[in-house]
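Both counts, for ligands and for their atoms, begin at 1 and track the order of listing. Along the sequence shown, residues carry numbers from 1. Because the structure is a prediction, the values reported are computed rather than measured.
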Amino acid sequence: MTVDATEIQQGAPAAASADLVEWVTTVAELTKPDAVYWCDGSEEERDRLRAEAVASGQFIPLEKRPGSFLVRSDPADVARVESRTFICSEKEEDAGPTNNWADPAEMKATLMPLFDGSMRGRTLYVIPFSMGPLGGNISRLGVELTDSIYVVLNMRIMTRMGAEALKLIGEGQYWVPAVHTVGYPLVDADGNRRDDVTWPCNEEKYITHFPETREIWSYGSGYGGNALLGKKCYALRIASVLARDEGWLAEHMLILKITGPDGRVYHLTAAFPSACGKTNLAMLRPTIPGWKVETVGDDIAWMRQGEDGRLYAINPEAGFFGVAPGTSLDTNPTALEALDHDTIFTNVALTDDGDVWWEGMTKEPPAHLIDWRGNDWTPESGVPSSHPNSRFTVRADQAASISPEWEDPTGVPIDVILFGGRRASNVPLISESYDWNHGVFVGATVSSEQTAAAEGAVGSLRRDPFAMLPFCGYNMADYWAHWFRVGEKLGDKAPHIFQVNWFRKDSEGNWLWPGFGDNARAIEWALRRINGEVEAVDAISGRIPVEGDLNTEGLDLPEGTYEKLFALDPEAWSVEADLTEEYFAKFGDKVPAELHTQLEQLRARIAAAREA
Ligand code: OXD
Ligand code: MN
């Protein structure tokens, strides 16, 4: 029996506004669930939904980790699907060449028949949520409708979800509507029922964004950013449009608080393409004495100019949806310790004693596991036991490194912005941009080796400007222009921009830099630069450290490592400059003139280096 409008109206909490109830009713009339349930975010509700998910077989309780569960997805639903992600702006040019565009009316015409009856036999959950601290002036509200308990329980960790958010919406605050269905109804139009599966989804997938009407419709996937619509869909794609129109920044950046040996406090944001160790950097334990790093955010930053003219950042999320493989006591002890309770694990392996394991967690793999597909696994199996994009979902404040400011609604003032990528060659460990506009050029030209967070050939090089390639909700060239405008407004209060690369290799393919906790050494240099404590050398990519200023004490690096880490070959850079020119050409005359100027200046530096 599908729920009717009267029942929905009667079942709505008193705090729900009339426009919200009306929208929920419209979506329920389309998707035809058996029931509508309004999430209040309480622990009692969480426990009840967990019990339901255990009873249905979707959640496997983990004895060793209280309140924690393992979930195995359908092997065909394991990552964000960029090829099925669409920006449905009225004009194609407003989506730009890096997005899949679809006409909004045509997309709605495609989607409506798919959503029609898509929740038959299921419950529609109404999830009111806040991105950012409740009521904060940088924060924004949303409501996700979904037919997946997995989504509800993940959204409960990843956002501030429930009655408080509903109240703010009821008071008339702006909110973004987001509709999600796994696209696996349990009853067909004739009333025939089928059994559920542990990971319902649909072969056909659409992750769609409507920038003008600021709504999100997602069909067919239950995984990560495809389904937890507060994250990439709202906090980046839709929020980047809001930010463009309202003069702020919605960025794919982690946020750190850093305290130096003299007690001075700094804040830094950093953009890295997916699965480049962002969560590890967000929980960095510095190997250099006297430095302390605390986490404000691990994936997304919303930034606005404050009254004092500086740029302030909040983390719009409330949890971490981190890549599990590679997380170990060596690489990220803070994350590992945070996962000891109330964590949802997706697509990792199960140990014989009811715990989880993934590649890299320990040096020696267990002798026997059940792999992420549910099959027996031994070290001889020849395939990874966990999917490379397997994840943990955990509340941010379960990490011991969380900074008290992470819930400050006004955010933290940003001193430094880092742009990083995974580059085996060419890009030095760290270089400082000559000024904001050069920094925007660096951000716009970032490229990285492809990882497993998205479909595509792992290892191949792809341009990922500002690490926003899959996440910018409008034309990337307009986005660059927006960054130049923000820089103008910030003037001399603007953060300093640096480019980093932890992944450079020597000619034999060995990593040159130890990474992880030692990345604090590069950051230390950046902070000493902004304090004017050290000189730098003008180079092709920007200003690089004078040898000896980068603190390598105790690292025991082989002779010649500094030269290799900072080698800037004019010939290789000339090739990069040509590729950049070709890349910009894709955006036609939308490319801001300042980027062409920056490219000329890069070429001039290359020419000067050739002559030197
Ligand atoms: C993520 C991503 O999941 O960037 O954070 O893909
Ligand atoms: Mn990310």
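Residue contact check: Arg391 has heavy atoms under 4.0 Å from atoms 1 (C), 3 (O), 6 (O) of ligand 1. Atoms of ligand 1 lying under 4.0 Å from at least one heavy atom of Arg80, given by number and element, are 2 (C), 6 (O). Of all atoms in ligand 1, numbered sequentially from 1 with element shown, those under 4.0 Å from a heavy atom of Asp299 are 5 (O). Remark: ligand 1 atoms within the under-4.0 Å shell around heavy atoms of Lys232 are 1 (C), 2 (C), 3 (O), 4 (O), 5 (O). Of all atoms in ligand 1, listed by their number and element, those nearer than 4.0 Å to a heavy atom of Ser274 are 2 (C), 4 (O), 6 (O).
Counting heavy atoms from C-beta outward, Phe516 and Asp330 have side chains that stay 4.5 Å or more apart.
In this structure, Asp464 does not pair ionically with Arg422, as no charged nitrogen and carboxylate oxygen lie closer than 4.0 Å. Salt bridge absent: Arg373 and Asp371 never bring a charged side-chain N and a carboxylate O closer than 4.0 Å. Using a 4.0 Å cut-off between a side-chain N of Lys or Arg and a carboxylate O of Asp or Glu, Lys232 and Glu82 do not qualify as a salt bridge. A salt bridge links Arg214 with Asp245: the closest approach of a Lys/Arg side-chain nitrogen to an acidic carboxylate oxygen falls below 4.0 angstrom.
Looking at Trp483, its side chain never comes within 3.5 Å of a backbone N or O of Trp436 through a donor-acceptor pair.
Using a 4.0 Å cut-off between heavy atoms, Tyr223 makes no contact with ligand 1 at all.
Heavy atoms of His252 come nearer than 4.0 angstrom to ligand 1 in at least one pair.
Any N or O atom pair closer than 3.5 Å counts here, and Lys231 shares no such pair with ligand 1.
The atom of Asp299 nearest to the Mn ion (ligand 2) is OD1, with the search restricted to N, O or S atoms.
At a cut-off of 2.8 Å, Lys232 coordinates the Mn ion (ligand 2) through an N, O or S atom.
The residue from Val143, Val152, Asn154 that alone fulfils the side chain to side chain contact (heavy atoms under 4.5 Å, CB included) condition with Met161 is Val152.
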